[in-house]
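Chain naming here is simple, since letters A, B, ... match the order of the sequence lines and numbering starts at 1 in each.
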Amino acid sequence: MICRFIAFNSSKVSRILSPFPSLLSTKSSFSVAKLDDELLSTTNITSDHKDCLYQEVLSGMKKTGFREYLHGHLFRGLVSGLKQTHVEEIMSELMDESPDLSVWFFKELRDIYGFRHSRFSTLLVSHILAGQRRFKELQAIMEQLLQEEGKSTPFVFSSFSVESSGSAYLICEVLSKSFRNWDSTNVVWDMLLFLSSRLKMVDDSLYILGKMKDLSLNVSTQAYNSILYNFRDTDKMWDVYNRIDGKNEHTYSTVVDGLCRQQKLEDAVFFLRASEWKDIGPSVVSFNSIMSTYCKLGFVDMAKSFFCTVLKCGLVPSVYTHNILINGLCLAGAIEEASGLVGCMNKHGVEPDTVTYNILAKGYHLLGKISLASEVIKQMLDKGLSPDVITYTISLCGQCQLGNIDEGLRLLNDMLSEGIELKSVIPCSVMLTGLCKTGRIEEALSLFRDMKANGLSPDLVAYSIVIHGLCRLGEFEIAVWLYDEMCSKRILPNSRTVGAMLLGLCQKGMLLEARAHLDSLISAGYRLDIILYNIVIDGYAKSGCIEEALELFRVVIKSGITPNVATFNSLIYGYCKTLNIAEARKILDAIKLYGLVPSVVSYTTLMNAYANRGDTESVDELRLEMKAKGITPTNFTYSVIIKGLCIGKKLTKYKQVLRDMISKGITPDQVTDNTIIQSLCRVKDFSRAFEMFEVMKSPTPATYNILIDGLCFHGCIEKADSFLNSLQERDVSLSKFAYTTLIKAHCVKGDPETAAKLFLQLLDRGFDVCIRDYSAVINRLCRRKLTNEAKFFFRLMLSRGVSPDLDICRVMIRSSDVFAWTIKSGLLLISSNQRNGLLSHLIC
DNA sequence: ATAGGGTTAG
């Protein structure tokens, strides 16, 4: 499209166009297309030239029809270099003619050309819109202004930028300098105040409020309410409240909500009654806040009675009111009642919504009834309601808890592909938990990276989940790295993150370091919670350092921190580990002295110690005590009981135990099955053991090991061989242990050839073969005087880059003539210390 | 303005 514009014989233009005689020759008028193509694409033209040209062109446009030029070829070329000052100038001039045209020009530049307007232009348009009472549009452009101002304010820490008071300052300057006498100025100031407060720019809003007071401008109730809202959980709430002249329903319900958040529930109820005297009366919203607080504190009955009060006051309970109560009932475990209330919502004139169903689904989830949770979600979809992020998150959580991690990953993908914006890190955190708990740490880390790449910055919880997962798997280095990264992002670790780190240290056996870290936190003045102490106490107990565990326990008591069951359970474990069951038993009684109730873990730990001794009577005694106290045994408990039967030579009773489990609704898991199979193997009942194995739905590598070990133990090596073969043919996943067990057996039996064959398979399949695996074989071969064969393995070891240790050399030396050979082929590899040790051994 | 989703020791 070609536009023509009337020529203006300005000297400026002639000067600019002097390098282009062909253009100047047209003199009175010229083609815009020509100008566009020839002039602007020429590199000769300087920015000064362009600047003059814009001014001329724009003033030319002002004189003729604007709209035409704006869409013209020329303008599109020019707009990339258009300055904010030019636009301000044009808009000011346009105002005299038509404010509407000015607004149109503003929007057109912004929406079609993506032009970023100045503070002045934006505020100019704001005033026009305010004057015309176009509040929606006013709100939209001012909100954008505030947000962009916040982003470009330079002097802030990234995480606090929203709250810095730099953004409002410049806007206020322009407002008070250029727009003081406009009719709509109060409206614009008030809108600015309201929006800054609603965007949680608290400092900015206070600055604006101060300025407005200086200028004697009116502050609307809406703006004040928003400020009040931001201060509702602090003492300053009343200061704001007292400044509000025209208090309304929102003001009162915000105060009630604030008091609830400040844990001043009685004050809230009192205030609600007091506001009843005022002409408007209480609102449902206030009741909702109070009910919600009672529910969170665990007093559903109070919430219920307030629900009745709402009805008595002649108010109508809203969907919120219902949802709050339904949620309270679910948290209290009263799922039936909750479900009933959902059913009668329509009688109260409201319909359940997505939130209602989400609450109900979560309620079932909390009770472990995950299939019913999915059922609720299905109902919701049938009703034509659409799932939201939270619905997906609840399903995701359920799938992960069922162990269906891949299904979880699929759900997360579905969510993204259906265009549901995640908005928060929570769905990813749920997925991270699932991955970490199943040891899929690599995938967790890659999801963590993806989150960052997609602009979802992990928060404290997300970091804690991954750090904890890493520590549990002993990946301490990456954990420390992430911990530092988190701190550098100004995300302060909390007790849970610290706990993860302590756990990592303990699991690596670095108890001294863990204790030092704990002590340093104590002396830095942190009040540590019991969980942190428990982690270290448990670390001591697991390593059999019962004295240290007790010492730290005494520190806990001395500090006035209340221990919990887990603390005592660790002590029980520590005593059991050091074979002091009498003391362990005393700890069980001590739990009661502290007013605590022993848990399944307390009993199971102690039962395990008795079971290892074959003391089935004591196991039974504890089992009855549990039953009397209404403590439900777990799968773990039953496995311990079965193990006890086996060691106590009373295995015949195992079917009885299985029946008992099933009657209690506990499905035997793989560990139970493995325990039974192992027990049957010990008593050489292979037919039953294999029978059990055949019916197992999903045997684990441990199952195979147990069977192979059992067969070898009773000398049935051929059977073990063919079993391993059959497993290899079925291509099931075998662990190293399956091979090494069989290899050892062949060494003992004196069949080094088969041992060697299997050993080579082990290496072939890429297992991590360590010195202990070699020494196990060499030891046994030497004992059987199979020196040549031992030499074979010794050479194999050296060829694989594994250095012999002192013990292995001793063994080789002891078996007669191999001394010289050992020295020749490998001893040089050992350290001088080891060599000295060897020499002293030889002298003896 | 009021409701719903994620982390911890045995």
Looking at [X], does any N or O in its side chain come under 4.0 Å of the phosphate oxygens OP1/OP2 on [N]?
X        : N      : value
A:Arg232 : B:dT2  : yes
A:Tyr603 : B:dG10 : no
A:His468 : B:dA9  : yes
A:Lys362 : B:dG6  : yes
A:Lys577 : B:dG10 : no

Nearest of [options] to any side-chain atom of [X]?
X        : options              : result
A:Asn323 : B:dG5, B:dA9, B:dA3  : B:dA3
A:Val285 : B:dG6, B:dA3, B:dA1  : B:dA1
A:Asn569 : B:dA3, B:dG10, B:dT2 : B:dG10
A:Asn327 : B:dA3, B:dT2, B:dG10 : B:dA3
A:His250 : B:dA3, B:dA1, B:dG5  : B:dA1
A:Asn494 : B:dT7, B:dG5, B:dG6  : B:dT7
A:Ile324 : B:dA3, B:dG10, B:dG5 : B:dA3
A:Ser289 : B:dT7, B:dT2, B:dA9  : B:dT2
A:Thr433 : B:dG10, B:dA1, B:dT7 : B:dT7

Task: Face-on cation placement of A:Lys247 at A:Tyr241 ring, 6.0 Å and 45° thresholds - done: yes
- [ ] Decide whether a cation-pi geometry holds between A:Arg232 and A:Tyr229; the criteria are a distance under 6.0 Å from NZ or CZ to the six-membered ring centre and an angle within 45° of the ring axis.
- [x] yes
So does [X] pair up with [Y], basic N to acidic O under 4.0 Å?
X        : Y        : answer
A:Arg410 : A:Glu407 : yes
A:Lys586 : A:Asp589 : no
A:Glu143 : A:Arg198 : yes

Give a yes or no on whether a donor-acceptor pair under 3.5 Å exists between the nucleobase atoms of [N], that is its base, and the side chain of [X].
X        : N      : result
A:Ser599 : B:dG10 : yes
A:Ser253 : B:dA1  : yes
A:Asn564 : B:dA9  : yes
A:Asn534 : B:dG10 : no

Tell me: [atom1] of [X] to [atom2] of [N], nearest whole Å?
X        : N      : atom1 : atom2 : value
A:Met431 : B:dG6  : CE    : C1'   : 12 Å
A:Ile530 : B:dG10 : CD1   : C1'   : 13 Å
A:Lys200 : B:dA1  : NZ    : C1'   : 11 Å
A:Asp388 : B:dA3  : CG    : P     : 15 Å
A:Ile394 : B:dG6  : CD1   : C1'   : 12 Å
A:Ile572 : B:dA9  : CD1   : P     : 18 Å
A:Leu411 : B:dG5  : CG    : C1'   : 13 Å
A:Leu532 : B:dA9  : CG    : P     : 12 Å

Sugar-phosphate only, base, or nothing, as touched by [X] at under 4.0 Å among non-hydrogen atoms:
X        : result
A:Val430 : sugar-phosphate
A:Val284 : nothing
A:Ile531 : base
A:Asp529 : nothing
A:Tyr229 : sugar-phosphate
A:Val425 : base
A:Ala361 : nothing
A:Asn225 : nothing
A:Ser226 : nothing

Task: Stepwise side chain to side chain donor-acceptor pair (under 3.5 Å) check, A:Ser318 with A:Thr321 - done: CA-CA 5 Å; A:Ser318 63; A:Thr321 321; 3.0 Å; yes
TODO: Using the six-membered ring wherever Trp is involved, compare the ring planes of A:Phe568 and A:Tyr594 and label them parallel, tilted or perpendicular (cut-offs 30° and 60°).
DONE: tilted
Open item on the list: Enumerate the side-chain hydrogen bond (donor to acceptor under 3.5 Å, both in side chains) contacts for residues 296-309 of chain A, please, sequence neighbours excluded, ordered by first and then second residue.
Closed with: A:Ser292-A:Lys296, A:Lys304-A:Glu337
